[in-house]
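Start at 1 with the first residue, then count along the sequence.
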Amino acid sequence: MSTASEGTRHGLSAVLHRHPRLRLSLLIGPPMLWLGVAYLGALGALFITSLWGQDSFTGTVVREWNLDNFRILWESEVYRKIAFRTVGIAALVTAIDVLIAFPVALYMAKIASPRMRQVLVIAVLTPLWASYLVKAYAWRIMLSEDGVVSDLGGLLGIDTPGYGLVAVVITLAYLWLPFMILPIYAGLERLPDSILEASMDLGAKTGHTVRRVVVPQVFPAVIAGSIFTFSLSLGDYITVRIVGGANQMLGNVVYDNVGAANNLPFAAAVATIPVVIMLVYLGAARRTGALENV
């Protein structure tokens, strides 16, 4: 029995060795099947549900195909404002993270000593070990009337943001900053030092070298980081509830319609907006080669 089973194993190994495509199919087949069923299937179910309606009297889902939910989103000024606000916040958070992450990553990759580089990488990764809610509520405490930010603002004679859209941008920029630093750092680390030395030898100053040599080379890495910061901000609904005051984003509308309103078709229609925006964004990012840096 053992000899027969051993012969079968050897025969199977020989077949897989002679057919690398079969070996590759068996290797990636289960993950791709899971992706197709769990992820793409869920997106398909989301889109189908968005085309249904709700009985106004009983609150039950009416499985009749229509575009009423999308018509409401398009015609309602409130939902248009929320959609533009969400995209604007996501774009602003991404821009702030780029401005902060680029010099930090440049120092880590090209200036810091190997020992200091390790310390900085650990410092960047450490906030990811803490809970999302812990960090968000920490910013709520700091931005409160008696918080650290208010005390520092009082010493400097400036007004503090308190709770609102500014607080949402600050909190989200902090939460997603490591997702911007790490791709840029990886892109800068792959940049050969000889290119920077050649630029200096040709008489270029530091600022000119950064603008004309470094930035174009790491631009795909910046776009890769922006995919994380933009998408995570676009779908966030917890931070705005914690520090956003009375403001709303698309995620809050989805949450409210799933919970209190119990209007699943309308919630699904709202949820398709970030999905469509990210598909367009990923299509544009693909042309820059950024997906290779993700």
*Is the backbone of Phe228 close enough, under 3.5 Å, to the side chain of Ser231 for a donor and an acceptor to pair up by distance?*
yes
_Test item: Asn66 side-chain N/O and Glu64 main-chain N/O as donor-acceptor pair under 3.5 Å_ = yes
*What pair of heavy atoms forms the shortest contact from Gly162 to Ala167, and how long is it?*
O-CB, 3.2 Å
*Which heavy atom in Ala269 sits nearest to a heavy atom in Phe70, and how many Å separate them?*
O-CE2, 3.9 Å
_Could you work out, with ring-ring contact (aromatic ring centres under 6.0 Å, His included) as the rule, every residue matching Tyr185, not counting sequence neighbours?_
none
_Using the rule side-chain contact (heavy atoms from CB on, under 4.5 Å), only one of Leu92, Ile170, Val243, Ile89 pairs with Leu165; which is it?_
Ile89
*Val93: which of Leu234, Leu175, Leu177, Leu172 passes side-chain contact (heavy atoms from CB on, under 4.5 Å)*: Leu172
*What residue pairs, at least two apart or across chains, pass salt bridge (charged side-chain N to carboxylate O under 4.0 Å, His left out) with a residue in residues 97-111?*
Lys110-Asp193
*Does anything in residues 121-137 pair up under salt bridge (charged side-chain N to carboxylate O under 4.0 Å, His left out), and if so which pairs, sequence neighbours excluded?*
none
Verify the cluster assignment for [X] and [Y]: are they in a single hydrophobic cluster under the rule of side-chain heavy atoms below 4.5 Å apart?
| X | Y | value |
| --- | --- | --- |
| Leu67 | Val62 | no |
| Val270 | Val276 | no |
| Val240 | Ile141 | no |
| Ile184 | Leu99 | no |

Side-chain atoms of residues 246-254: list all donor-acceptor pairs with protein atoms under 3.5 Å, sequence neighbours left out, distances to 0.1 Å.
unit_1	atom_1	unit_2	atom_2	d
Asn247	ND2	Gly244	O	2.9
Gln248	NE2	Asp256	OD2	3.1
Asn252	OD1	Met249	N	2.9
Asn252	ND2	Tyr237	O	3.0

Let me have the donor-acceptor pairs involving side chains of residues 119-134, under 3.5 Å, with sequence neighbours excluded, atom names and distances please.
unit_1	atom_1	unit_2	atom_2	d
Thr126	OG1	Ile122	O	2.5
Ser131	OG	Leu133	N	3.3
Tyr132	OH	Asp236	OD1	3.3
Tyr132	OH	Asp236	OD2	2.3
Tyr132	OH	Thr239	N	3.4
Tyr132	OH	Thr239	OG1	2.6

Check: residues 42-52 side-chain donor-acceptor pairs under 3.5 Å, at least two apart:
unit_1	atom_1	unit_2	atom_2	d
Thr49	OG1	Ala45	O	2.7
Ser50	OG	Phe47	O	2.5

_Check against side chain to side chain contact (heavy atoms under 4.5 Å, CB included), Ile227 and Phe179_ = CA-CA 9 Å; Ile227 293 174; Phe179 296 98; over 6 Å; no
*Does Arg63 have any side-chain hydrogen bond (donor to acceptor under 3.5 Å, both in side chains) partners at least two apart in sequence or in another chain, and if so, which?*
none
*By side-chain contact (heavy atoms from CB on, under 4.5 Å), which residues pair with Pro192, not counting sequence neighbours?*
Ser194, Ile195
*Scan residues 73-96 for pairs that pass side chain to side chain donor-acceptor pair (under 3.5 Å), counting only residues two or more places apart or in two chains.*
Thr94-Thr229
Show the atom names and distances, to 0.1 Å, of all donor-acceptor pairs under 3.5 Å that link a side chain in residues 215-226 to residues at least two apart or in another chain.
unit_1	atom_1	unit_2	atom_2	d
Ser226	OG	Ile223	O	2.6
Ser226	OG	Tyr281	OH	2.5

_Strictly by ring pair (Phe, Tyr, Trp, His ring centres under 6.0 Å), give each pair with a member in residues 139-158 just once, sequence neighbours left out._
Trp139-Tyr174
*Please collect all ring pair (Phe, Tyr, Trp, His ring centres under 6.0 Å) contacts where either partner lies in residues 102-121, sequence neighbours excluded, each pair once.*
none
